[in-house]
Amino acid sequence: MRRPRHLALLSVGVSGALVLSAAPPAAAAAPTPTTPTTPTGIVVSDGMTQPVFSLADAIEERVFVQTPVDTDHDGRPDRVAIDISRPRETATQGFKVPVIFEHSPYRKGTWGDVPYPSVLVDDLPQNGLTDRNGRRSLDAGAQRAQAKANLPGSLDDYYVPRGYAVVLGQSVGTGDSDGCPTSGDQAETLGTKAVIDWLNGRAKGYDANGAPVTAGWTTGAVGMTGVSYNGTLPNQVATTGVKGLKTIVPVSAISSWYDYYRANGLVVAPGTFQGEDLDILAQYTAGQARAEGPCADELATITEEQDRVTGDYSTFWRDRDYLDARDVKASVFVVHGLNDWNVKTEHFAGWWDQLAKRDVPRKIWLHQGGHGGPGSSASVTLPSGQTWTYKQTENRWFDFWLWNVRNGIMDEPTAVLQREDRAYTTYANWPDPAAREVGLRFAATDATAPGALTTGKPPKATVEQTFVDEGRTIHPDTLVSNPDTASANRLAYRSPELTQSVRISGRPEMRLRMAIDNKPDANLTAYLVDYGPAGSTAAPTVVTRGWMDPQNRKSAARTEPVKQGKLYDYRWTMEPKDYIFPAGHRIGVVVFSSDKEYTLLPLGGTELRVAPNDSELRLPVVGGRSVLGF
């Protein structure tokens with residue numbers, strides 16, 4: 001990485017700390033390091049910038065950045081509002097500072113009680129029937145507030161004292177910005193990119209009175225970060241390859257809006273937001289006045305084009321898909337919860353795969369929590385013996401990429417992962433390079449009794465097993481319980497007890513031969529489950545989940561009719577996972593239809609039939625088949 005001209009001097013200051021100061025003019029002498037209370041430059045200790053600038057004395061300003069988009073079609077380019085906090089030039093002796101930038105659609109004015117569509121339907125919409133219950137109102141505001149509680153705060157409190165400017169922006173069509181929300185498409189991306197362009201002198205900015213404002217105080221080096229939607233915007237902008245964006249830290253971030261609201265052709269909600277779709281989120285971020293007023297037509301277009309009938313992948317979703325890293329120039333520090341069922345794990349895994357394909361400089365931190373970050377104090381001890389908290393790691397990452405501090409972070413293990421006992425460990429990469437795909441065949445000799453998972457040949461006897469969809473009234477917790485007892489509403493298959501612990505790392509895959517006997521279509525759901533020994537009363541652990549629409553068996557982009565009573569081969573991946581099944585436990589898979597937590601819920605009674613001898617679960621087992629012991 002080429003050293004920026006303004007970072008020419010890296011000198012040792014008091015108490016062994018490094019003082020990073022600006023390259024002085026030709027006729028001027030280099031600034032003399034002083035005590036941290038009156039710094040002349042950035043103080044670096046243990047490879048991290050230190051808090052030596054006064055937050056109370058920071059410059060605070062609002063700028064309206066002109067974007068190249070006109071989302072409300074009023075004939076004028078939309079402007080986005082940004083709030084800036086930065087050290088005073090007198091404190092920095094005139095040298096320029098890099099920027100940490102968080103853009104958000106949630107800053108203010110959201111609609112706290114958006115009407116949600118009902119998930120209770122007489123039949124699946126792709127069967128040609130309609131919703132009988134109209135719309136219902138959920139307390140979306142309370143739900144969103146709960147999700148947002150995990151968002152990081154006080155970026156300025158932490159980073160301005162360390163010599164950074166912090167920019168907090170408001171997305172196009174939200175808060176004090178102009179326009180209408182477009183929820184993830186190119187217009188929203190360009191509206192965010194414009195801020196980086198302004199910071200680098202390529203876009204116009206204005207104060208509240210309309211006077212032009214420039215950003216002569218910054219180096220133009222920008223790092224973006226944020227959680228959830230706030231972390232998705234960095235992914236979006238990184239794909240543009242915009243000059244000046246040096247790094248991003250997306251936390252629990254979306255990489256494809258299709259994967260957020262759909263799964264293999266099926267309408268699937270994000271966890272805890274059952275019934276939500278992209279138009280609901282757009283209305284929430286717009287605020288009620290905007291959503292029902294000047295942006296009503298724009299939002300109606302989203303409602304129509306998102307297509308809750310077929311669930312197919314389309315141009316609409318392709319415009320909101322960032323899984324192409326060919327133009328990514330920024331480094332990427334991916335952070336995600338392994339138990340995040342809001343922004344599911346495919347979002348980090350699919351993005352990570354593409355970054356690896358393009359050899360983008362990267363690091364990943366995976367934790368055992370749900371939606372949000374790991375917590376600032378989460379810590380990992382590296383093979384070198386050094387221990388760093390998550391916040392210190394983030395700090396060092398920004399310092400390396402924005403201040404050019406040579407702290408060795410890129411020489412450390414690529415992957416940090418929290419194990420089930422909540423201890424953090426490191427790996428050379430993710431998924432584990434030692435993972436090998438192992439097929440666990442379904443085995444059943446009885447039409448109703450639970451079956452087995454085996455690495456050997458299935459029984460010669462041919463048997464088919466049936467179950468009836470009652471997911472509208474039966475919760476998945478009930479469907480995965482009692483795996484050794486027959487159930488009319490799901491099929492369960494279990495491995496023998498494991499002789500040693502077994503770790504999976506990657507994407508489990510279902511291969512199911514199945515027929516729908518009395519309907520044109522059905523929801524299709526599979527859960528991977530950790531069961532205790534036979535007879536155990538311990539509650540099972542749902543390891544991961546996966547869904548698909550049988551009509552999309554060939555492609556998520558194409559619906560094809562299903563003949564009633566005909567067996568088809570269905571193949572789909574579950575959400576990626578890194579998990580250790582303890583010795584003595586059993587690996588289980590449960591197949592059922594409608595998922596009360598995620599899918600549309602038709603009236604019960606759909607009959608499904610499985611040919612277990614022609615079905616299997618494929619697991620990415622670290623160490624391969626020999627580790628399983630059966």
Side-chain angles (χ1 to χ4, degrees), residues 65 80-85 98-108 110 144-160 164-175 177 181 183-184 188-196 199 222-240 242 244-257 260 270 281 284-285 320 322 328 330-337 340 342-343 347-348 351 362-365 367 369-376 390-391 393-395 397-398 401-402:
V65 175
V80 294
I82 63 171
D83 293 302
I84 304 164
S85 180
V99 173
I100 294 176
F101 171 32
E102 183 193 50
H103 213 46
S104 177
Y106 296 140
R107 297 283 180 217
K108 62 182 294 187
T110 53
R144 283 286 169 203
Q146 183 178 8
K148 288 167 61 183
N150 290 323
L151 299 180
S154 305
L155 279 174
D156 50 350
D157 290 357
Y158 186 87
Y159 281 109
V160 171
Y164 289 91
V166 170
V167 173
L168 303 179
Q170 301 179 33
S171 298
V172 163
T174 74
S177 295
S183 295
E188 184 179 63
T189 301
L190 294 176
T192 309
K193 172 181 174 290
V195 177
I196 298 172
L199 290 166
V222 180
M224 290 189 71
T225 189
V227 176
S228 194
Y229 205 147
N230 298 7
T232 303
L233 290 160
N235 285 347
Q236 295 175 224
V237 177
T239 62
T240 70
V242 58
L245 182 61
K246 302 298 184 182
T247 192
I248 63 172
V249 183
V251 183
S252 285
I254 292 166
S255 59
S256 164
W257 285 97
Y260 189 65
L281 181 59
Y284 175 82
T285 59
R320 293 162 172 81
Y322 322 120
V328 173
S331 63
V332 184
F333 181 10
V334 173
V335 183
H336 215 99
D340 188 345
N342 182 333
V343 179
H347 290 278
F348 87 76
W351 183 224
R362 63 199 180 278
K363 185 178 183 65
I364 191 167
W365 185 301
H367 61 89
H371 192 55
S376 296
Y390 168 73
K391 193 62 180 181
T393 304
E394 177 196 83
N395 190 159
W397 182 266
F398 280 133
W401 289 104
L402 300 180

query: Quick check: does any side chain N or O of T174 sit under 3.5 Å from a backbone N or O of Q170, one acting as donor and the other as acceptor?
result: no
query: Is any NZ, NE, NH1 or NH2 atom of the basic residue among K193 and E188 found under 4.0 Å from an Asp or Glu carboxylate oxygen of the other?
result: no
task: State, yes or no, whether a side-chain contact exists between F348 and V335 at a heavy-atom distance under 4.5 Å.
output: no
- request: State whether a side-chain donor-acceptor pair under 3.5 Å links H347 with S256.
  value: no
- request: Step by step, work out the side chain to side chain contact (heavy atoms under 4.5 Å, CB included) result for V332 and V249.
  value: CA-CA 6 Å; V332 184; V249 183; over 6 Å; no
- prompt: Taking all atoms of both residues into account, what is the closest heavy-atom pair of D340 and S252, and its distance?
  reply: OD2-OG, 3.2 Å
- prompt: Taking H103 for the side chain and V195 for the main chain, is one N or O donor matched with an acceptor at less than 3.5 Å?
  reply: no
- prompt: Can you check side chain to side chain contact (heavy atoms under 4.5 Å, CB included) on V328 and W351, steps first, answer last?
  reply: CA-CA 11 Å; V328 173; W351 183 224; 3.9 Å; yes
4.5 Å side-chain heavy-atom contact, N230 and P250: no
message: With heavy-atom distances below 4.5 Å as the criterion, would you say the side chains of V237 and Y322 are in contact?
response: no
query: Quick one: are the ring centres of W257 and Y229 less than 6.0 Å apart?
result: yes
field: Residue pair I248 / T225, side-chain heavy-atom distance below 4.5 Å
entry: no
field: Least distance between heavy atoms, V343 atom then S228 atom
entry: CG2-OG, 4.4 Å
- prompt: Counting only N and O atoms by type, is there a donor-acceptor contact under 3.5 Å from the side chain of H367 to the main-chain atoms of G372?
  reply: yes
Non-hydrogen side-chain atoms of T240 and T189 separated by less than 4.5 Å: yes
Working for side-chain hydrogen bond (donor to acceptor under 3.5 Å, both in side chains), residues N342 and Y260: CA-CA 8 Å; N342 182 333; Y260 189 65; 2.5 Å; yes
message: If you define the side chain from C-beta out and look only at heavy atoms, does anything of E102 sit under 4.5 Å from V167?
response: no
message: Between R362 and V334, is the side chain to side chain contact (heavy atoms under 4.5 Å, CB included) condition met? List the steps.
response: CA-CA 8 Å; R362 63 199 180 278; V334 173; over 6 Å; no
field: Candidate pair W365 and T393, rule side-chain hydrogen bond (donor to acceptor under 3.5 Å, both in side chains), full reasoning
entry: CA-CA 10 Å; W365 185 301; T393 304; over 6 Å; no
task: Could you tell me whether the side chain of R107 and the main chain of G169 form a donor-acceptor pair under 3.5 Å?
output: yes
field: Sub-4.5 Å side-chain heavy-atom contact between L233 and S171
entry: yes
query: Cut-off 3.5 Å, side chains only: do Y158 and E394 have a donor facing an acceptor?
result: no
- request: Could you tell me whether a side-chain N or O of S104 sits under 3.5 Å from a main-chain N or O of Y106, the two making a donor and an acceptor?
  value: yes
- line: The side chain to side chain contact (heavy atoms under 4.5 Å, CB included) partner of S177 among V80, I82, V172 is V80
field: Sidechain-backbone polar pair: N235 side chain, I254 backbone, donor-acceptor under 3.5 Å
entry: yes
field: Minimum side-chain heavy-atom gap M224-L245 below 4.5 Å
entry: yes
Under 3.5 Å donor-acceptor, R320 side chain and S183 backbone: yes
Gap separating the CG atom of L168 from the CZ atom of F101, nearest 0.5 angstrom: 9.0 Å
message: Hydrogens and angles aside, do Y164 and D156 bring a side-chain donor and acceptor to less than 3.5 Å of each other?
response: no
- request: Please work out which of the three classes, parallel, tilted or perpendicular, describes the rings of F333 and Y390, given edges at 30° and 60°.
  value: tilted
Heavy-atom closest contact (P181 atom, G173 atom, distance): CD-O, 3.3 Å
